[in-house]
Chemist: 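One structure, pasted below without further comment.
All values derive from a computational prediction rather than experimental measurement.
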Amino acid sequence: MSSMNSAMPEPNQDWDEDQHEKFLILKAFLTTFHHFFGDFDALFQTVDDPRRPELITYPLAALAFAGVLMYFCRVGARRQIAHLFRKNGPSAAKFQALFGTDTCPHGDTLNVAFGRLDPDQVQAVVTAMVRTLIRKKVLYRYRLLDHYFLIAIDGTGRLTFPERHCPHCMTVTHHGKTTYYHPVLEAKLVLPNGFAFSILTEFIENPGENPTKQDCELKAFYRLAERLKAEFPRLPICLSLDSLFAGGPTMSICEENNWKFMIVHKDGDIPFIHKEFESLLPLTPENHFTFLTGLQGKTRQEYRWINDISYTDSEKKKHTVGVLECVENEPDPKQPSQTKTTRFRWITNLTLKDKQVIELANQGGRIRWKIENEGFNVQKNGGFGLEHAYTTHPIASKVFYLLLQIAHLIAQLIERGSLFRRAFPTGVGSAKNIAFRLLEAWRNLRLSTDQILQMLDARLQIRFAPP
């Protein structure tokens, strides 16, 4: 990264402490985004705008930015855009400085415009942002075994309706009541420092109202894997997957794409591999490693592993895999005198060695929980409103979902970046507090166009804490 080439804008001398902090949070937001990704206009220039040019009041980039800002500030509903951003002088001035518009676009304007976009083109923007971080080597220090980018793949619910929402709704019936829903399968780049960036989204949906077979996570995985290979044909990838994907087809896809994998292995999954692992363990006592970790080293991890298990799947395809097991004994937080035991086991095509099993288990296998905690849970319960219907339009809903992924990515970069940490060395509390502070700063702090442009033109270093 380049060193400082131009001075950062300074707060006004007559500002009080509250105004100064608002300035710092705005600077962290605008400067962090521009530092990594450049102009917002340029980011969305590859998305086709189907609107008639002579009727356009707000450029597409302004609409997308308003959507990202809505999610970042956790305002909770599309209608709040008009109340909080549109009818507000300082907010209107910022949109004018950034996009040359009189004010922020209305939420309904976003909905109508997004319903006419191609979600695949918006998805390409999300993917390009992660590709930029990889290309700039921002994430290199977080690679698994200093080589592989770990991508966790998992599904989650997105929208649920009591009645049919569109012809592509998935359906489930309990006690005679049918629920209509729209899940997604997410591929997220997960890193040991807490980052969980959406890299690709596969929307799980039926081809019509009465399909002979519903879409599902496994079918979506096959589509997602094909797209992932096309987007990153040479990237060293290790997939972290749950037990749903334990099977020959997944192994074949990874082998054909030259990917590594770590798949959760439960006792009922692929009984042959389970039996081979248990029968070979007594013959390889050297494949054992004990590691003490946790507070005062009171957590004991026992690692056992077997390499070169030959497995033939139901399609008569042969695979060579290893199995890694970690049995963890730790003090029970509810009963300190008691020990809590947890067993983890994974199938992998990585070669297992005693000096690597700790990293493979904790940063390859167990780290996949980050897609649920740092990923889905934050987006559902951290104020982003993943499960809130910001629109009922089937196409616009996909665009809004993808803008949420952009907002979450930016939020993570700001929260863990050195620019924000230097400005607020003691922190500001939860990540929600960053959002609330930005909302207040965006609405209440008046900045000149020159001050905003100086934030965008500044050259600086933004570093992240090591894993």
Side-chain angles (χ1 to χ4, degrees), residues 142-145 148 150-155 188-194 196 217 237-247 250-251 254 259-282 284-295 297-309 311 319 321-334 338-377 467:
Y142 307 112
R143 292 173 298 170
L144 181 68
L145 302 179
Y148 300 103
L150 192 77
I151 295 177
I153 296 179
D154 203 358
K188 289 188 183 291
L189 185 64
V190 291
L191 307 171
N193 72 334
E217 284 191 25
I237 288 174
C238 178
L239 296 186
S240 186
L241 305 167
D242 69 19
S243 59
L244 172 67
F245 303 99
T250 298
M251 297 178 191
C254 291
W259 295 340
K260 301 301 182 183
F261 59 78
M262 293 196 71
I263 307 174
V264 173
H265 185 217
K266 297 181 179 179
D267 289 349
D269 300 326
I270 315 183
F272 174 81
I273 292 180
H274 174 75
K275 182 178 179 181
E276 285 291 288
F277 176 71
E278 294 292 346
S279 63
L280 291 173
L281 275 180
T284 55
E286 68 277 10
N287 291 356
H288 176 266
F289 189 83
T290 301
F291 180 63
L292 300 180
T293 186
L295 186 63
K298 292 185 178 180
T299 298
R300 183 184 184 91
Q301 294 179 335
E302 298 285 347
Y303 293 94
R304 302 187 300 170
W305 63 92
I306 295 292
N307 286 302
D308 301 326
I309 296 177
Y311 163 64
H319 312 276
V321 299
V323 176
L324 171 63
E325 180 182 81
C326 172
V327 178
E328 183 175 87
N329 294 283
E330 61 179 342
D332 191 326
K334 297 181 179 179
Q338 302 295 318
T339 299
K340 178 183 176 182
T341 300
T342 310
R343 183 185 304 273
F344 306 93
R345 188 181 292 173
W346 302 273
I347 301 172
T348 181
N349 59 347
L350 288 156
T351 301
L352 301 169
K353 302 176 182 179
D354 57 0
K355 294 183 179 180
Q356 297 178 344
V357 292
I358 297 174
E359 181 177 354
L360 289 176
N362 294 320
Q363 297 184 18
R366 295 177 67 176
I367 200 176
R368 70 170 309 280
W369 63 267
K370 289 184 179 294
I371 193 174
E372 184 63 41
N373 286 5
E374 271 84 348
F376 299 141
N377 185 55

Chemist: With Glu217, which residues qualify under side chain to side chain donor-acceptor pair (under 3.5 Å), at least two apart?
Modeler: none
Chemist: With side chains defined as the heavy atoms from C-beta onward, is the minimum distance between Ile306 and Glu276 less than 4.5 Å?
Modeler: no
Chemist: Looking at every heavy atom in both Leu324 and Tyr303, which two are closest together, and how far apart are they?
Modeler: CD1-CD2, 4.2 Å
Chemist: Checking His319 now: which residues fulfil side chain to side chain donor-acceptor pair (under 3.5 Å) with it, not counting sequence neighbours?
Modeler: Glu255, Asp313
Chemist: Could you report the tightest heavy-atom contact between Ser243 and Asp269, atom names first, then the distance?
Modeler: CB-OD2, 3.1 Å
Chemist: Treating Thr348 as the side-chain partner and Gly322 as the backbone partner, does any N or O pair qualify as donor plus acceptor under 3.5 Å?
Modeler: no
Chemist: Given side chains that start at C-beta, do those of Leu360 and Lys260 come closer than 4.5 Å, heavy atoms only?
Modeler: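 A side-chain contact is absent here, since even the closest heavy-atom pair is not under 4.5 Å.
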Chemist: Side chains of Ile358 and Phe289: closer than 4.5 Å at any heavy-atom pair?
Modeler: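 With C-beta onward as the side chain, the pair touches.
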Chemist: Can you tell me how far NE2 of His265 sits from CZ of Phe277, rounded to the nearest 0.5 angstrom?
Modeler: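 It is 9.5 Å, given to the nearest 0.5 Å.
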Chemist: Would Ile347 and Met251 count as a side-chain contact (heavy atoms from CB on, under 4.5 Å) if you check the C-alpha gap in whole Å, the side-chain angles of each, and the deciding distance to 0.1 Å?
Modeler: CA-CA 10 Å; Ile347 301 172; Met251 297 178 191; 4.1 Å; yes
Chemist: Sub-3.5 Å donor-acceptor pair from the side chain of Asn307 to the main-chain atoms of Leu352, do we have one?
Modeler: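 Side chain of Asn307 to backbone of Leu352, a donor-acceptor pair under 3.5 Å: yes, one is there.
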Chemist: Taking atom CG of Asn329 and atom OG1 of Thr341, what is their separation to the nearest 0.5 Å?
Modeler: 3.5 Å
Chemist: Can you name the closest pair of heavy atoms from Ala246 and Val264 and give their distance?
Modeler: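 Nearest pair, atom of Ala246 first, then Val264: CB-O, 4.2 Å.
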Chemist: Taking all non-hydrogen atoms of both residues, which atom of Gly364 and which atom of Met262 are closest, and how far apart?
Modeler: C-SD, 3.7 Å
Chemist: Would you call Ile151 and Trp259 a side-chain contact if the rule is heavy atoms closer than 4.5 Å?
Modeler: no
Chemist: Please report the interatomic distance CG(Asp354) to CD(Glu286), rounded to the nearest 0.5 Å.
Modeler: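 Nearest 0.5 Å value for the CG-CD distance: 10.0 Å.
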Chemist: Do Trp346 and Arg366 have side chains that get closer than 4.5 Å, going by heavy atoms?
Modeler: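 Yes, their side chains come closer than 4.5 Å.
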Chemist: Check whether any side-chain N or O of Thr250 sits under 3.5 Å from a backbone N or O of Phe245 as a donor-acceptor pair, and report yes or no.
Modeler: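 Side chain of Thr250 to backbone of Phe245, a donor-acceptor pair under 3.5 Å: yes, one is there.
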Chemist: Kindly indicate whether the side chain of Cys254, heavy atoms from C-beta on, has any atom under 4.5 Å from the side chain of Leu239.
Modeler: yes
Chemist: Tell me the closest heavy-atom pair linking Pro331 and Thr299, and the distance in Å.
Modeler: CD-OG1, 4.2 Å
Chemist: I'd like to check Arg304 versus Thr284 (side-chain heavy atoms, cut-off strictly below 4.5 Å). Are they in contact?
Modeler: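 A side-chain contact is absent here, since even the closest heavy-atom pair is not under 4.5 Å.
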Chemist: At what distance, to the nearest 0.5 angstrom, does CD1 of Ile367 lie from CG of Asn362?
Modeler: 9.0 Å
Chemist: Quick check: does any side chain N or O of Asn287 sit under 3.5 Å from a backbone N or O of Trp305, one acting as donor and the other as acceptor?
Modeler: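 Indeed, once roles are kept as given, a pair shorter than 3.5 Å links the two residues.
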Chemist: Kindly give the heavy-atom pair with the smallest separation between Arg368 and Ile153, and that separation in Å.
Modeler: NH2-O, 3.6 Å
Chemist: Can Phe291 and Val357 be said to form a side-chain contact (heavy atoms from CB on, under 4.5 Å), step by step?
Modeler: CA-CA 10 Å; Phe291 180 63; Val357 292; over 6 Å; no
Chemist: Using side chain to side chain donor-acceptor pair (under 3.5 Å) as the criterion, list what pairs up with Glu359, not counting sequence neighbours.
Modeler: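 Partners of Glu359 under the side chain to side chain donor-acceptor pair (under 3.5 Å) test: none.
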Chemist: Should the pair Lys188-Asp154 be classified as a salt bridge under the 4.0 Å nitrogen-to-oxygen rule?
Modeler: no
Chemist: For the atom pair CD (Glu330) and NZ (Lys340), what is the distance rounded to the nearest 0.5 Å?
Modeler: 5.5 Å
Chemist: Which distance, rounded to the nearest 0.5 Å, do you find between the CG of Asn349 and the SG of Cys238?
Modeler: 7.5 Å
